[in-house]
Amino acid sequence: MRRCGVLAACVTCFGCTTYHPTISHPMSHAVRPEESALECGQLDDAILKADTVRWVIRDDGGTLESSGQRAVRYGANALFAVPLSLILHGPAYVHEPGSGVLDAADHRIVGLLQLKRDKGCPPAPTDEPGMTDLQMLEVLEPLTSGQGDLDREALDQRTTLLDHLRASPPIPPKPAQPRREQPDPETQEP
Amino acid sequence: MRKELRLVIVALAWVCAACTTHSYTTDSPADTRKLRIRAGDEIRVVTTDRDRISFKVAEVRDDRFLGVTVEPNAKESRLADTPVEVPYADVAMIEVTRFDPKAVAAAGSVVVFTVALGTLVLAGVPVVVVPP
């Protein structure tokens, strides 16, 4: 009985992910050949929509997974999923942390930014201080290349940059308040 | 009584299986139109200004949906029964739940097949002996 409790606790901790989709996340498609005909404004709209999809995944806890982490997850599931599911009378396995859908969204955004650069569209501001979206693209390109495997640090850098792709809306100016006249201490009567 | 209850459970399972939920990303208003959303459909959308809304479609116009919000899902801020207007151009993600006749047929085939297989297994497969 005690052993079961320990195993259940292990599974709960091990299988604990922060990824809980509140809406089913569709897999973003890669940039299509026909999208190369889009105008600058249409490209900005497409980037805005792809960024929204990515934001939903991130807001629901999605994270990128390195190949090492994926291998550990597969290994753990292969070894423990069946015995633990039998012990706990229900499915017990380590869930995918939304890496697939997030990676697809990242690649779509980078693809659309590349199209924007190739068309000579004007850059847009981002939430990263002193960086436009096209400058961000220069940093993102090596971090999204299909060749080789990215380590945890590179994946984190890519995630942080893309989290800041959209510029925060400017803070609306506060309505001017009528100035209160400060009483002049010299003219003030005691 | 027990048999009737079993039939009700099978019928309910069938109907539930026929309600399908699909999620889409829409790159343009034309993509949203292609989804053929109808009045009465219950949909969830995420707009480009990062607003999550669940609502029942009351009217489908050329460029927008008109509807009334339903019970809010997680991370949704609008209260139920609030009128909403969502232009297609603002829709980034859309999830549609609807009663699908094709799914009814598919689920029905699965139910019939399972019941037939179960009956054969429980009652025994008839063996026909062919004389030499």
Side-chain angles (χ1 to χ4, degrees), chain A residues 18-39 41-62 98 100-102 104-109 111-112 115-116 124 127 162-170 172, chain B residues 16-17 19-37 41-57 63-65 67 69-80 84 86-98 100 103:
Chain A
T18 52
Y19 179 58
H20 300 292
T22 53
I23 181 168
S24 49
H25 298 155
M27 184 75 79
S28 298
H29 56 83
V31 174
R32 298 189 187 110
E34 61 265 26
E35 285 178 306
S36 57
L38 294 177
E39 300 292 325
Q42 292 171 312
L43 275 173
D44 280 333
D45 284 347
I47 291 168
L48 187 66
K49 291 194 173 188
D51 176 68
T52 305
V53 173
R54 187 184 175 280
W55 170 80
V56 172
I57 299 165
R58 289 283 295 143
D59 195 41
D60 288 348
V101 281
L102 185 59
D106 286 3
H107 278 86
R108 174 158 174 78
I109 292 172
L112 289 167
L115 275 182
K116 185 176 169 175
D127 224 9
L162 282 168
D163 283 350
H164 293 116
L165 176 67
R166 189 187 295 203
S168 305
Chain B
C16 288
C19 271
T20 55
T21 300
H22 291 290
S23 189
Y24 309 90
T25 55
T26 54
D27 296 327
S28 65
D31 283 352
T32 310
R33 266 184 229 111
K34 274 184 208 160
L35 297 176
R36 299 186 183 281
I37 305 289
D41 282 344
E42 201 172 301
I43 61 175
R44 294 173 71 185
V45 298
V46 183
T47 61
T48 49
D49 56 359
R50 297 178 175 176
D51 194 6
R52 297 165 181 254
I53 318 166
S54 293
F55 64 100
K56 191 163 187 172
V57 179
D63 64 337
R64 64 193 59 222
F65 296 120
T69 54
V70 293
E71 275 303 311
N73 287 293
K75 299 186 179 180
E76 290 176 9
S77 55
R78 291 176 197 235
L79 298 173
V84 283
V86 184
Y88 298 157
D90 292 353
V91 176
M93 260 175 88
I94 187 163
E95 191 184 77
V96 191
T97 305
R98 63 163 59 127
D100 188 352

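Here is the naming used below: chain letters follow the sequence lines, and residue numbers restart at 1 for every chain. All values reported here derive from a predicted model rather than from experimental measurement.
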Engineer: Checking side-chain contact (heavy atoms from CB on, under 4.5 Å) for the pair B:Val86/B:Ile43: CA distance, chi angles, key distance, verdict?
Structural biologist: CA-CA 11 Å; B:Val86 184; B:Ile43 61 175; over 6 Å; no

Engineer: Could you give the distance from CD1 (B:Ile94) to CZ (B:Phe65), rounded to the nearest 0.5 Å?
Structural biologist: 4.5 Å

Engineer: Can a donor-acceptor pair be found, under 3.5 Å and without considering hydrogens, that links the side chain of B:Glu95 to the backbone of A:Ser24?
Structural biologist: yes

Engineer: Give, as side chain, backbone, both or neither, the part of B:Ser54 having an atom under 4.5 angstrom from any heavy atom of chain A.
Structural biologist: neither

Engineer: With chain A as the partner chain, list the residues of residues 69-78 of chain B whose heavy atoms fall under 4.5 Å from it, by residue number, and write 'none' if nothing qualifies.
Structural biologist: B:Ala74, B:Lys75

Engineer: Tell me, out of A:Asp60, A:Ile23, A:Asp51, who's got the most heavy-atom pairs with chain B below 4.5 Å.
Structural biologist: A:Ile23

Engineer: Tell me, side chain or backbone of A:Asp45 under 4.5 Å from chain B's heavy atoms, or both, or neither?
Structural biologist: neither

Engineer: When rounded to the nearest 0.5 angstrom, what distance separates CG in B:Asp41 from CD1 in B:Ile37?
Structural biologist: 5.5 Å

Engineer: Is the closest side-chain heavy-atom distance between A:Ser168 and A:Asp127 below 4.5 Å?
Structural biologist: yes

Engineer: Do B:Arg44 and B:Thr97 make a side-chain contact, defined as non-hydrogen atoms from C-beta onward lying under 4.5 Å apart?
Structural biologist: no

Engineer: Out of curiosity, A:His25 NE2 to A:Arg54 CZ, how far, rounded to the nearest 0.5 Å?
Structural biologist: 12.5 Å

Engineer: Using a cut-off of under 4.5 Å on heavy-atom pairs, state which of B:Thr25, B:Val91, B:Asp27 scores highest against chain A.
Structural biologist: B:Asp27

Engineer: Would you mind checking which part of A:Arg108 comes under 4.5 Å of any heavy atom in chain B, side chain (CB onward), backbone (N, CA, C, O), both or neither?
Structural biologist: side chain

Engineer: Let me confirm one number: the CG-OG distance from A:Leu112 to A:Ser28, rounded to the nearest 0.5 Å.
Structural biologist: 9.5 Å

Engineer: Applying side chain to side chain donor-acceptor pair (under 3.5 Å), which residue pairs with at least one partner in residues 28-37 of chain B are found, sequence neighbours left out?
Structural biologist: none

Engineer: Heavy-atom distances under 4.5 Å only: say whether A:Gln42 touches chain B with side chain, backbone, both or neither.
Structural biologist: neither

Engineer: Would you mind telling me which of B:Asp90, B:Thr21, B:Asp49, B:Thr26 has the largest number of heavy-atom pairs within less than 4.5 Å of chain A?
Structural biologist: B:Thr26

